[in-house]
> 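I'd like to ask some things about the structure below.
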Amino acid sequence: MEPILIYGFPAGSSMGLVAALEWMGRPYRLCRVDMFGEMRDPSYKRINPRVETPVLITDQGNVLTETMAIAAWLEARDTERRISFDPLSREADRMHQFMAFINTGFTGAFGPLWAAMEMRRTTPAMLAAIKAFGNDGVIERHDRLEEMIGDTQFLVADHPTLADGLLIGVARWLDFHQVIDKARWPKLAGLRRRIEANSAVIYAISLETGEISPGNGAFQGHVDLTEVTDRFGPE
Ligand SMILES: N[C@@H](CCC(=O)N[C@@H](CS)C(=O)NCC(=O)O)C(=O)O
């Protein structure tokens, strides 16, 4: 069977993995999940007890959670090195470094902003304090990322890789939460422009918004979440 990526909307980080699947060009399926709706159904815990996306159902029918584990699964199968590099190369080390930074501190910095958005019982003063703390953390992590970016067209090379996929799924949260104008970081702004103009990323974003888009031919269609849960979730 083809692997199935469960991706979340709205604005899920998993969008970058959808783009990576397109870049990789091997047959895959997708399962689209409303993170504020069907993901909250208790049955979702059969697929991911931590109630998060992304989740990959592998070609062996195994459930694999966590972005870094899914990226490693893809990397191991990217024998044509379309989205990764020889594991012993300097580029591979640098790609892993970016991915680790993006998936930990960079992504985590947005946590308070998501929490503030979803908080039900709070006071305006507490909300303002959480948002200010969140904004400061996001800006600081962006400052650090700007320092890390080199002279290549994309994060590691002159073509997009897994690191660019991970970045673009999350970087747009800066605009979503209206933290600050992205122009503060010229290298990152240019990089985001290039990644966002990539046809696989345009395609992945269009799927998120519910458009049915054919992609480059590797996409074999959507699978319903109930089917995924029934077939691959433990009893
Ligand atoms: N450690 C997980 C985190 C994944 C994660 O935070 N996913 C978000 C969407 S981008 C999510 O599902 N959030 C739902 C929630 O927190 O309620 C990973 O790296 O895959």
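Just so you know, ligand 1 is whichever comes first in the structure, and atom 1 is the first atom listed for that ligand. Everything quoted here is computed from the prediction, not taken from an experiment. When a residue number appears, it is its place in the shown sequence, counting from 1.
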> Tell me which part of Met35 gets within contact of ligand 1: side chain, backbone, both or neither, using heavy atoms under 4.0 Å.
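For Met35, the contact with ligand 1 is made by the side chain alone.
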
> Decide whether an N or O pair under 3.5 Å exists between Glu118 and ligand 1.
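No - when backbone and side-chain N and O of Glu118 are compared with those of ligand 1, no distance drops under 3.5 Å.
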
> Answer yes if the side chains of Arg172 and Ser13 hold a donor-acceptor pair under 3.5 Å, and no otherwise.
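Their side chains do not contain a donor-acceptor pair, so the 3.5 Å distance test is not met.
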
> Which one of Met39, Arg40, Glu52, Arg50 has a non-hydrogen atom at the shortest distance from atom 17 (O) of ligand 1?
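The residue whose heavy atom sits nearest atom 17 (O) of ligand 1 is Arg40.
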
> In terms of ring plane angle, is the pair Phe106 and Phe101 parallel, tilted or perpendicular, where the classes change at 30° and 60°?
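If you compare the ring of Phe106 with that of Phe101, the planes turn out tilted.
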
> Classify the angle between the aromatic ring planes of His142 and Trp185 as parallel (below 30°), tilted (30 to 60°) or perpendicular (above 60°).
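Geometry flag for Trp185 against His142: tilted rings.
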
> Are Arg26 and Asp59 ion-paired here, with the side-chain N under 4.0 Å from a carboxylate O?
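No.
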
> Just which atoms of ligand 1 are under 4.0 Å from any heavy atom in Pro54?
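Ligand 1 atoms under the 4.0 Å threshold to Pro54: 20 (O).
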
> For the pair Phe85 and His159, name the ring-plane relationship: parallel under 30°, tilted 30 to 60°, perpendicular over 60°.
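Phe85 vs His159 ring planes: tilted.
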
> Under 3.5 Å, is there a donor on one side chain and an acceptor on the other for Glu227 and His222?
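There is no such pair (donor and acceptor under 3.5 Å, judged by atom type) between the side chains of Glu227 and His222.
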
> Compute the minimum heavy-atom distance from Gly8 to ligand 1 and say whether it is under 4.0 Å.
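No, that is not the case, since the closest heavy atom of the residue is not under 4.0 Å from the ligand.
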
> Should you measure from each heavy atom of Asn103, which atoms of ligand 1 turn up under 4.0 Å away?
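Within the 4.0 Å cut-off of Asn103, ligand 1 contributes 19 (O).
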
> May I ask you to check if Arg32 and Phe9 form a cation-pi contact, with NZ or CZ under 6.0 angstrom from the six-membered ring centre and within 45° of the axis?
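That pair qualifies as a cation-pi contact.
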
> So is Trp173 close enough to ligand 1, meaning a heavy atom under 4.0 angstrom away?
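So Trp173 counts as touching ligand 1.
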
> Considering both backbone and side-chain atoms of Ser13, is one of its nitrogen or oxygen atoms within less than 3.5 Å of a nitrogen or oxygen in ligand 1?
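No, Ser13 has no N/O under 3.5 Å of an N/O on ligand 1.
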
> What is the closest protein heavy atom to atom 1 (N) of ligand 1, and at what distance does it sit?
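Nearest protein contact, heavy atoms only, for atom 1 (N) of ligand 1 is Glu66 OE1, 2.6 Å.
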
> Tell me the protein heavy atom at minimum distance from atom 4 (C) of ligand 1, and give that distance in Å.
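The closest one turns out to be Thr53 O, 3.3 Å.
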
